[in-house]
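Working notes for the structure below.
Residues take their numbers from the sequence shown, with the count starting at 1.
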Amino acid sequence: MASYENGQELVEYGEDSLAVVNEEEDANMETHVPIVSSYNDHIRPLLDAVDKLRHLMVMKEGIQLPTIVVVGDQSAGKSSVLESLAGINLPRGQGICTRVPLVMRLQHYPSLAPELFLEFNGKIVHTDEARVADAINVATDEIAGDGKGISNTPLTLVVKKKGVPDLTMIDLPGITRVPVHGQPADIYEQIAGIIMGYIRPEESIILNVLSATVDFPTCESIRMSQQVDKTGERTLAVVTKSDKAPEGLLEKVTADDVNIGLGYVCVRNRIGDESYEDARKEEAKLFRSHPLLSRIDKSMVGIPVLAQKLTQIQAIIIARCLPDIVRKINEKLNASISELNRMPKTLSSPAEVMTAFMGIVGSAKESLKKILIRGEFDEYLDDHHMHCTARLVEMLNLYSNELHNCPESDPRRNFLMEEISVLEESRGIELPNFLPRTAFLSILQRKVGRISRMPIDFVEKIWAYIESVVVSVLMHHSENYFQLQLSTRRAGHNLISKMKEQSISWVTEMVEMEKMTDYTCSPDYMSEWNKLMEKQDTFRYTTLTQGYSSAEIEGIGVVEVGDIRAYQNVLHQAFDLKMRMTAYWKIVLRRLVDSMALHLQFSVQNLVNKEMEKEIISELISNHGGSIERMLEESPSVAGKREKLNVSIKLLGESKKVLGNIMDKIATYSD
């Protein structure tokens with residue numbers, strides 16, 4: 001509990017509620033002391049700080065300010081309450097009088113001459129007590145337009161007057177469900193949207209104005225406040241027109257069927273041309289002498305009590321929220337400065353432009369070296385697509401598996417029949433026990449021809465992947481320069497297209513070389529052929545002597561042999577030819593995979609270390625005459641982002657300055 005002057009005590013704003021106990025309210029009602037509280041000097045610096053933050057529109061940075069928000073159904077008497085607190089006349093009339101959020105900044109002013117002015121649309125309009133209502137109407141028309149439409153653009157009214165409480169409140173349009181002539185059909189939805197936007201933040205205190213002439217649970221303003229403040233811990237109710245419906249009012253405010261956590265204050269509206277001083281006297285007399293209203297506790301009646309409660313609640317909520325506001329402002333300021341520092345600096349000379357360009361190309365090359373050559377992916381920890389060496393190995397393994405598992409690589413398929421057919425067609429006038437080399441080459445050429453598309457498909461697939469990686473890296477490193485992005489993207493596509501064509505040409509030559517001749521210096525060929533030929537006698541015995549329809553050959557598997565018995569004259573040569581081709585085919589497949597891996601490594605290194613930089617520079621020179629300066633102009637989005645950050649940093653910096661010394665004042669205030 002914090003103690004204040006004049007015997008006032010506050011139960012701090014906590015989980016349950018904030019209550020006000022005023023031990024001198026009876027005396028105040030009797031002697032009609034000014035509404036201004038004796039501790040305004042403590043509150044004023046805090047309120048000034050919040051008002052300055054609101055004027056700076058720090059809310060645009062997502063920082064909510066402690067605010068007293070005045071809501072109520074249409075004709076509930078909001079204007080009368082605010083008039084009594086401010087001691088001035090506000091616009092009156094049929095329908096919605098308040099068409100924009102009216103920020104009322106009341107300030108006790110020792111001078112006898114009040115000072116009033118309006119702030120809106122970046123300008124200040126001075127007025128006086130006699131003309132303030134008209135001035136508000138003119139300003140409202142300028143903001144919301146002529147007619148009866150509403151706007152969410154705020155209008156600020158500053159009232160510096162002797163005796164008024166130090167308060168800042170936001171008066172919102174009265175709630176109406178049925179549009180009248182000249183109002184939009186969705187007037188209720190518009191008003192509800194404005195109100196909910198102001199009362200939803202936890203930093204808002206809801207001043208709910210209720211008419212004593214209605215049942216509180218039926219009030220639309222109660223329904224709205226309960227949506228965002230179910231326990232009522234930040235809702236204070238003002239009951240107007242108490243003199244119009246005194247019957248049962250005591251029971252209504254004490255039963256509290258609608259969860260008003262901060263309590264009720266019953267007031268009497270000013271009638272006709274009563275002066276504000278006379279109205280207060282009549283109000284005090286009403287609650288002192290009326291047979292029903294006099295039974296209501298004096299801590300719950302009168303404009304002075306309302307002013308004191310609002311002032312005290314406001315002081316506590318500001319003191320409670322300011323440390324968090326200071327923290328949020330510092331965090332957002334530091335984040336904005338860091339983000340601005342991460343953006344490239346504005347380039348103002350050809351030397352800076354060239355340095356920046358070389359930096360972009362150099363950083364892109366380094367990133368590509370890391371992910372395509374060295375297998376380092378610290379820049380893309382969570383993006384597995386950019387773990388390039390691992391993905392390239394996966395693709396090579398898949399290519400190898402496809403070659404080894406394709407039909408041409410299955411020695412059991414159509415076992416010996418192709419060999420027999422080729423040998424039959426290769427016969428000549430010659431000794432019969434020689435194996436024709438033309439037969440071997442004929443089968444080899446057919447087999448290679450049948451798989452010739454697979455290496456080309458793999459090359460196209462691998463370069464499509466590399467292209468996606470290269471373009472992604474180039475776009476990332478040039479993201480702040482839209483024109484340069486366009487050029488580097490074209491350069492990337494052009495370069496990959498050239499290198500893909502080179503790879504396809506190389507692969508085509510490699511396939512043609514495999515077709516042309518049969519050669520290997522690998523000892524694996526002879527070793528494998530000898531192992532396979534060792535099974536020939538067993539095979540001949542199984543097929544010719546035993547008459548089995550199938551046979552199992554180690555290194556080959558189970559083969560069908562039913563049709564080959566008719567070709568016993570060439571069976572020995574066909575078996576030899578098959579085993580030679582089986583042993584040699586393994587060499588061919590190994591060459592197709594190993595050579596592809598070496599070619600891929602060489603091409604990637606050449607791409608990153610030599611060709612990419614040349615292609616980018618060539619693109620700039622050929623299409624833009626070497627005008628790198630224009631290429632490094634900031635894109636509109638980046639320039640907009642930089643401007644937004646600068647505005648944000650300026651706003652947050654000014655806000656931080658406003659709050660620079662206020663925390664010391666809070667400490668003094670709390671002692």
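Ring geometry for Phe458 versus Tyr399: interplanar angle under 30°, hence parallel rather than tilted (30 to 60°).
Nearest approach of Glu615 to Ala491, heavy atoms of both residues: CG-O, 3.4 Å. The minimum heavy-atom distance linking Leu474 with Thr488 is given by the pair CD1-O, 3.6 Å. The two atoms that bring Arg234 and Pro201 nearest to each other are NH1-O, 3.1 Å, heavy atoms only. Across every non-hydrogen atom of Cys388 and Leu372, the tightest pair is CB-CD2, 3.7 Å. Between Trp506 and Ser595, the shortest heavy-atom contact is CH2-O, 3.3 Å. When all heavy atoms of Met196 and Val228 are compared, the pair lying nearest together is CE-CG1, 3.5 Å.
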Inset, instruction - Show your reasoning for whether side chain to side chain contact (heavy atoms under 4.5 Å, CB included) applies to Leu207 and Val71. - result: CA-CA 6 Å; Leu207 181 59; Val71 299; over 6 Å; no
Inset, instruction - Report the C-alpha separation of Glu331 and Arg327 in whole Å, then their side-chain angles, then the decisive distance to 0.1 Å, and conclude whether the salt bridge (Lys or Arg N to Asp or Glu O under 4.0 Å) test is met. - result: CA-CA 6 Å; Glu331 288 176 355; Arg327 178 185 61 80; 3.0 Å; yes
Inset, instruction - Before giving the answer on side chain to side chain contact (heavy atoms under 4.5 Å, CB included), spell out for Met510 and Arg591 the whole-Å C-alpha distance, their side-chain angles and the decisive distance to 0.1 Å. - result: CA-CA 9 Å; Met510 181 176 66; Arg591 272 202 299 254; over 6 Å; no
Legend entry - Ile68/Ile313 under side chain to side chain contact (heavy atoms under 4.5 Å, CB included): CA gap, chis, key distance, verdict: CA-CA 9 Å; Ile68 297 174; Ile313 291 170; 5.8 Å; no
Inset, instruction - Assess whether side chain to side chain contact (heavy atoms under 4.5 Å, CB included) is satisfied between Gln502 and Trp463, documenting all intermediate values. - result: CA-CA 11 Å; Gln502 292 173 8; Trp463 280 112; over 6 Å; no
Legend entry - Full working for side chain to side chain donor-acceptor pair (under 3.5 Å) between His385 and Ser468: CA-CA 9 Å; His385 181 75; Ser468 71; 3.1 Å; yes
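Residues Ile466 and Leu600 form a side-chain contact, since some pair of their non-hydrogen atoms from C-beta on lies under 4.5 Å apart. Using a 4.5 Å heavy-atom cutoff, the side chains of Lys369 and Asn609 are in contact. Side-chain contact check for Glu142 versus Lys123: some heavy-atom pair is nearer than 4.5 Å. The shortest distance between side-chain heavy atoms of Glu408 and Trp585 falls below 4.5 Å.
Residue Met516 qualifies as open at atom CE: its count of foreign heavy atoms under 6.0 Å is 12 or below. The number of heavy-atom neighbours closer than 6.0 Å to NZ of Lys52, taken from other residues, nucleotides and ligands shown, is 12 or below. Counted within 6.0 Å of CZ on Arg489, heavy atoms from surrounding residues, nucleotides or ligands total 12 or fewer; the atom is thus considered open. Remark: Glu379 CD is packed, more than 12 non-hydrogen atoms of other residues, nucleotides or ligands lying under 6.0 Å away.
The backbone N or O of Asn606 sits nowhere less than 3.5 Å from a side-chain atom of Glu611 that would complete a donor-acceptor pair.
The aromatic ring centres of Phe377 and His384 sit 6.0 Å or more apart.
Of the candidates Val70, Ile205, Val103, Val70 is the only one forming a side-chain contact (heavy atoms from CB on, under 4.5 Å) with Met169. Considering Leu53, Ile329, Leu333, Val58 as possible partners of Leu651, the one that fulfils the side-chain contact (heavy atoms from CB on, under 4.5 Å) test is Val58.
At a cut-off of 3.5 Å, with distance as the only test, no side-chain donor of Ser409 or His404 sits close to an acceptor on the other residue. When only modelled atom types and interatomic distance are considered, Glu203 and Thr67 share no side-chain donor-acceptor pair under 3.5 Å. For His476 and Ser367, the side-chain atoms include no donor-acceptor pair closer than 3.5 Å.
To the nearest 0.5 angstrom, Leu589 atom CG is 6.0 Å from Leu592 atom CG.
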